[in-house]
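The model shown is predicted, which means the values in this text are computed figures rather than measured ones. The figures that follow rest on heavy atoms only: side chains count, while hydrogens, waters and symmetry mates do not.
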Amino acid sequence: MKTRVIMATAAASVLLFPGTATALAYPVEDAPLLTGNALYAAGKLPAAGCADKPAKGKTLASVKKHINALITCMNDTWGPYLKQADLSFVAPKVEMYGTTLEKKYERYCFGAKRNPAKSEVVHCFGTFLSVHIRPDWIKSSDDVPIFAELSSAYAEHVLSLVDITEGYNALHADDGDEILEQLRRFNLQAKCLGGMTAKSLWAALGYPAKDTGRLLDLAKAEADSKGEFRYFGKGANLVYWTKRGYSTSDPRSCKTWNAPSAKVS
């Protein structure tokens, strides 16, 4: 995923001013891994049967325990679901960094040192989740941002397992705008699958129903700012795809690849 972000940035940077080019539509065609993937025939993701999540607490140890419980529930839900659809499943490896000692060995997808100011979760190489824990997650009483980050990164893992990432990386693009739209289609599909995960796990893990609105607020907050390269798109579209996944629980609703360009802008 990071590779495509770098490619998108490099290609789009040839434009004098990002976002000022004439708006064009870039439909994805002749890409069966993206538009006809077997995932779309898997049916609805069932409600999870996981135990209630452990309290997040306000220590590094309690946050790690909380995160491990969320990932275990995601594995226990997505694994059988994909296998039942005759799709492969391998649980992602998880690397967590938080203490001063751990930060010395902290890495990003390319093995380079990574020391973000705020907590984040990054999916790398289709094999592992790199979880960077910072004081914002430890000190906060709000555990919804942790779920939101994990569900989006885990969705990228699922997309890698079913070869959507492979199909995405094989796409041809003629210019920076097209590369960026393809990247948004990928990121928004991950948001949609993250919404599916939330619908499946929310009640089982003990999240209050009223907190589902927080997921939409957090999705909207990821919108690209004016003047930035458009990796994620408009807040309204981030909300649209997250809500679509949550409301249907069905990957057929997450086919961003043949959606109108306005829905991935």
(request) Starting at CG of Leu216, measure out to OH of Tyr246 and round the result to the nearest 0.5 Å. (result) 9.0 Å

(message) With no hydrogens and no angle check, just 3.5 Å: does a side-chain donor-acceptor pair link Asp143 and Tyr207?
(response) no

(request) Would you kindly confirm whether Val121 and Ile133 end up in one hydrophobic cluster when ILVMFWY residues are joined by side chain heavy atoms under 4.5 Å apart? (result) yes

(request) Could you state whether Phe186 and Val239 fall into the same hydrophobic cluster, counting links through intermediate Ile, Leu, Val, Met, Phe, Trp or Tyr residues with side-chain heavy atoms under 4.5 angstrom apart? (result) no

(message) Can you confirm whether more than 12 heavy atoms, excluding those of Lys243, are under 6.0 Å from its NZ atom?
(response) no

(message) Are the side chains of Val131 and Val94 in contact, using a 4.5 Å heavy-atom criterion?
(response) yes

(request) Please say whether more than 12 non-hydrogen atoms of neighbouring residues, nucleotides or ligands are located less than 6.0 Å from NZ in Lys255. (result) yes

(request) Kindly give the heavy-atom pair with the smallest separation between Ala223 and Gly235, and that separation in Å. (result) CB-N, 3.3 Å

(message) Do Lys58 and Pro135 have side chains that approach each other closer than 4.5 Å (heavy atoms only, starting at C-beta)?
(response) no

(message) Using 0.5 Å steps for rounding, measure from the CE atom of Met196 to the OG1 atom of Thr77.
(response) 11.0 Å

(request) State, to 0.1 Å, how close Leu215 and Trp202 come at their nearest heavy-atom pair, and which atoms those are. (result) CD1-CZ3, 3.6 Å

(message) If we count only N and O atoms by modelled type, under 3.5 Å, do the side chains of Ser200 and Trp78 hold a donor and an acceptor together?
(response) no

(message) Determine whether a donor-acceptor pair (N or O, by modelled atom type, separation under 3.5 Å) exists between the side chain of Lys53 and the backbone of Leu205.
(response) yes

(request) Answer yes or no: is there a side-chain heavy-atom contact under 4.5 Å between Thr127 and Lys93? (result) no

(message) The test is side chain to side chain contact (heavy atoms under 4.5 Å, CB included); show your working for Leu218 and Phe147 and say whether it passes.
(response) CA-CA 11 Å; Leu218 290 165; Phe147 183 94; over 6 Å; no

(request) Begin with the C-alpha distance, continue with both residues' side-chain angles, and end with the deciding distance and a verdict on salt bridge (Lys or Arg N to Asp or Glu O under 4.0 Å) for Arg134 and Asp136. (result) CA-CA 6 Å; Arg134 295 296 180 266; Asp136 57 328; over 6 Å; no

(message) Could you report the tightest heavy-atom contact between Gly233 and Asp224, atom names first, then the distance?
(response) N-OD2, 2.6 Å

(request) Decide yes or no on side chain to side chain contact (heavy atoms under 4.5 Å, CB included) for Asp217 and Val144, but give the supporting numbers first. (result) CA-CA 11 Å; Asp217 292 339; Val144 176; over 6 Å; no

(request) Report yes if the side chains of Leu159 and Tyr168 come closer than 4.5 Å at any heavy-atom pair, otherwise no. (result) no

(message) Nearest 0.5 angstrom please: Ser249 OG to Leu193 CG, how far?
(response) 10.5 Å

(message) Give me the atom names and distance for the closest heavy-atom approach of Val63 to Ile146.
(response) CG1-CD1, 4.4 Å

(message) Working to the nearest 0.5 angstrom, can you tell me the gap between Gln182 CD and Leu180 CG?
(response) 9.5 Å

(message) Just by distance, no angles: are the side chains of Thr248 and Ser253 close enough, under 3.5 Å, to form a donor-acceptor pair?
(response) yes

(request) With rounding to the nearest 0.5 Å, note down the distance linking NZ in Lys64 to CD1 in Ile138. (result) 9.0 Å

(request) Measure from the side-chain N and O atoms of Ser160 to the backbone N and O of Glu156, and report whether any donor-acceptor pair falls under 3.5 Å. (result) no

(message) Assigning hydrophobic clusters by single linkage (Ile, Leu, Val, Met, Phe, Trp, Tyr; side-chain heavy-atom cutoff under 4.5 Å), is Leu150 placed with Val90?
(response) yes

(request) Determine yes or no for a side-chain-to-main-chain donor-acceptor pair under 3.5 angstrom, with Tyr40 supplying the side chain and Cys254 the backbone. (result) no

(request) Look at the side chain of Ser152 and the backbone N and O of Glu149, then say whether any donor-acceptor pair between them is shorter than 3.5 Å. (result) no

(request) Would you name the heavy atoms of Arg185 and Tyr26 that are closest together and state the gap between them? (result) NH2-O, 3.6 Å

(request) Examine Ile71 and Leu201 and state if one hydrophobic cluster contains both, with Ile, Leu, Val, Met, Phe, Trp and Tyr joined whenever side-chain heavy atoms are less than 4.5 Å apart. (result) yes

(request) Spell out, as yes or no, whether a donor-acceptor pair under 3.5 Å connects the side chain of His66 to the backbone of Pro54. (result) yes

(request) Would you check if Asn75 and Phe89 make a side-chain contact, meaning some heavy-atom pair closer than 4.5 Å? (result) yes

(message) Donor-acceptor check, side chain of Asn37 to backbone of Val162, threshold 3.5 angstrom: yes or no?
(response) yes

(request) Determine the minimum heavy-atom distance between Leu188 and Leu238, stating which atoms define it. (result) CD2-CD2, 3.6 Å

(request) Give the C-alpha distance, both sets of side-chain angles, the deciding distance and a yes or no for side chain to side chain contact (heavy atoms under 4.5 Å, CB included) between His157 and Met74. (result) CA-CA 11 Å; His157 181 67; Met74 292 177 191; over 6 Å; no

(message) What's the separation between atom CH2 in Trp241 and atom CG in Asn237, rounded to the nearest 0.5 Å?
(response) 8.5 Å

(request) Check whether the side chains of Ser141 and Lys56 place a donor and an acceptor atom closer than 3.5 Å, and report yes or no. (result) no

(request) Determine whether the side chains of Asn258 and Thr35 contain a donor N or O and an acceptor N or O closer than 3.5 Å. (result) no

Which donor-acceptor pairs under 3.5 Å do the side chains of residues 43-50 make with protein atoms, sequence neighbours left out?
none

(request) Decide yes or no on side chain to side chain contact (heavy atoms under 4.5 Å, CB included) for Ile67 and Trp137, but give the supporting numbers first. (result) CA-CA 11 Å; Ile67 289 171; Trp137 279 3; 4.0 Å; yes

(message) So that I can tick it off, tell me whether Arg214 and Asp142 are bridged by a salt bridge, with the cut-off set at under 4.0 angstrom between side-chain N and carboxylate O.
(response) yes

(message) Tell me whether Arg230 contacts the main-chain N or O of Arg184 through its side chain, where contact means a donor paired with an acceptor under 3.5 Å.
(response) no

